[in-house]
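First listed ligand is number 1; within each ligand, the first listed atom is number 1. Only a predicted model underlies this, so the values are computations on that prediction, with no experimental measurement involved.
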Amino acid sequence: MARSTFTRGTVAALSAVALFALGACSSEQAGGTAEPTGAAEEGGSGDETIAIGFSQVGAESGWRAANTKSIQDTLTAENGFDLSFSDAQQKQENQIQAIRSYIAQGVDVIAFSPVVETGWDPVLQEAKSAGIPVVLTDRAVDSEDDTLYESFIGSDFVLEGEMAGEWAAEQYDGEGFQVVELQGTTGSAPAIDRKEGFATAIEGTDLEIIDSQTGNFTRTEGKQVMEGFLQKYDDIDLVFAHNDDMGLGAIEAIEAAGMVPGEDIKIITIDAVKDGMQALADGKINYIVECNPLLGPDLADIAKKVVAGEEVEKRIVVKDEAFDQEAAIEALPTREY
Ligand code: GYE
């Protein structure tokens, strides 16, 4: 796909200007949390409030909690939004239902983070027919028709997987490492892309993925799957977990089996949320590739432009860093999430 890209820094700068301009003409208000309201109550006549419906994936991880907070803290009445927020509990049918109810409410914009990649065309077509623009955040959809959404804001998950794999190869190639992989939610963009990126990066090395199963991005399932791996194999050298939470679950399983995580079995994860970074600082995780969850400001910016009928970038790529133990110790005190 040939898509134009726009980096987060630029967007953040633009959105800061937009928010400042808005703040300057709104009356002082204490910034409370966004309320799930019935959207544009008076039909939006006169005032410029943007009614936005947001369908969140769920509350499966620390990353998701930080992402929800960023969205709710940014799409406030003070910033010119009337936010309807819903949590789909990791179920596509719940997201489809939420999107349909936003269409029925007649919101100005719909935003969502699609739990899985496929199966969205019919509901997105309904939004399009109703004239309601859609913005994707965090995860992509797999659709032939990219007129079904205005913009997709989120990280490059293939690159994240590659960064994890490159570090693994750099550290451990030549040692015949046996790797187990804890995959994210089956069919989700980050699970598909991180798996692909990691596999590509370790190609041609002697690191071998001996098993790969989903832990659904949760700590509980990550632990259960790791327990299964530990029963099945007695020579696991490295865990690649598609997020911190599953890596933290794996730590519990490894410790329960009488081994030392980070030493007997190395661990690489993705996200770099607080709990993960703490485990990295403590030496229980060896390396973390960041996935920035603070998408609220970019979403606010794009939503305003879309409603104003302005042209927006089709793809906004969020930049991510990576951390080893030393970098985690340094970053932790000022970490926002
Ligand atoms: O890595 C994981 C969350 O879609 C990038 O979803 C997101 C992923 C994140 O559950 O922790």
Side-chain angles (χ1 to χ4, degrees), residues 8 54-71 87-92 94-95 111-118 120 135-142 152-165 181-198 213-223 225 239-251 267-280 285 287-296 298-299 315-323 335-337:
R8 181 181 172 78
F54 187 90
S55 168
Q56 181 59 290
V57 168
E60 72 283 2
S61 65
W63 189 98
R64 190 63 54 195
N67 178 248
T68 291
K69 185 172 186 308
S70 170
I71 284 156
D87 174 337
Q89 298 177 329
Q90 297 236 69
K91 293 202 177 76
Q92 182 171 34
N94 291 347
Q95 286 200 297
F112 78 115
S113 170
V115 59
V116 290
E117 277 192 339
T118 55
W120 298 103
V135 178
L136 305 176
T137 68
D138 162 34
R139 298 184 183 178
V141 296
D142 182 359
F152 165 39
I153 306 162
S155 293
D156 180 341
F157 300 137
V158 176
L159 181 64
E160 290 172 349
E162 271 169 16
M163 285 160 78
E181 181 177 38
L182 294 170
Q183 287 184 46
T185 302
T186 306
S188 70
I192 295 166
D193 293 352
R194 289 170 183 171
K195 182 174 185 24
E196 180 196 318
F198 188 86
Q213 280 177 41
T214 181
N216 209 19
F217 281 130
T218 69
R219 208 174 286 206
T220 316
E221 286 175 70
K223 181 179 177 193
V225 174
V239 177
F240 169 48
H242 288 188
N243 79 342
D244 288 352
D245 282 83
M246 293 189 294
L248 293 162
I251 289 175
I267 304 178
I268 300 176
T269 66
I270 297 179
D271 274 356
V273 292
K274 276 241 166 76
D275 289 355
M277 290 287 271
Q278 189 59 58
L280 177 57
I285 291 178
Y287 194 65
I288 305 186
V289 176
E290 179 184 44
C291 182
N292 192 326
L294 306 180
L295 306 182
D298 285 356
L299 174 57
R315 175 76 172 105
I316 293 168
V317 182
V318 177
K319 287 264 164 65
D320 298 312
E321 294 176 45
F323 301 87
R335 197 93 181 130
E336 259 186 89
Y337 51 87

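For Ser70, there are no side chain to side chain donor-acceptor pair (under 3.5 Å) partners, not counting sequence neighbours. Taking Asp275 as the reference, Arg219 meet the side chain to side chain donor-acceptor pair (under 3.5 Å) condition, with sequence neighbours excluded. Listed by chain and residue number, Gln95 satisfy the side chain to side chain donor-acceptor pair (under 3.5 Å) test with Ser55 (two or more places apart in sequence, or in another chain).
Pocket lining of ligand 1, defined as residues with a non-hydrogen atom under 4.0 Å away: Glu60, Ser61, Trp63, Arg64, Asp138, Arg139, Phe157, Pro190, Arg194, Phe217, Asn243, Asp271, Cys291.
Tested against Thr185, the residues Asn243, Ile192, Asn216 include a single side-chain contact (heavy atoms from CB on, under 4.5 Å) partner, Asn216. Here the rule is side chain to side chain donor-acceptor pair (under 3.5 Å) with Arg194, and of Glu162, Glu181, Glu160 only Glu160 fits it.
Nearest heavy-atom pair, Tyr337 versus Ala66, reported as atom, atom and distance to 0.1 Å: CB-CB, 3.7 Å.
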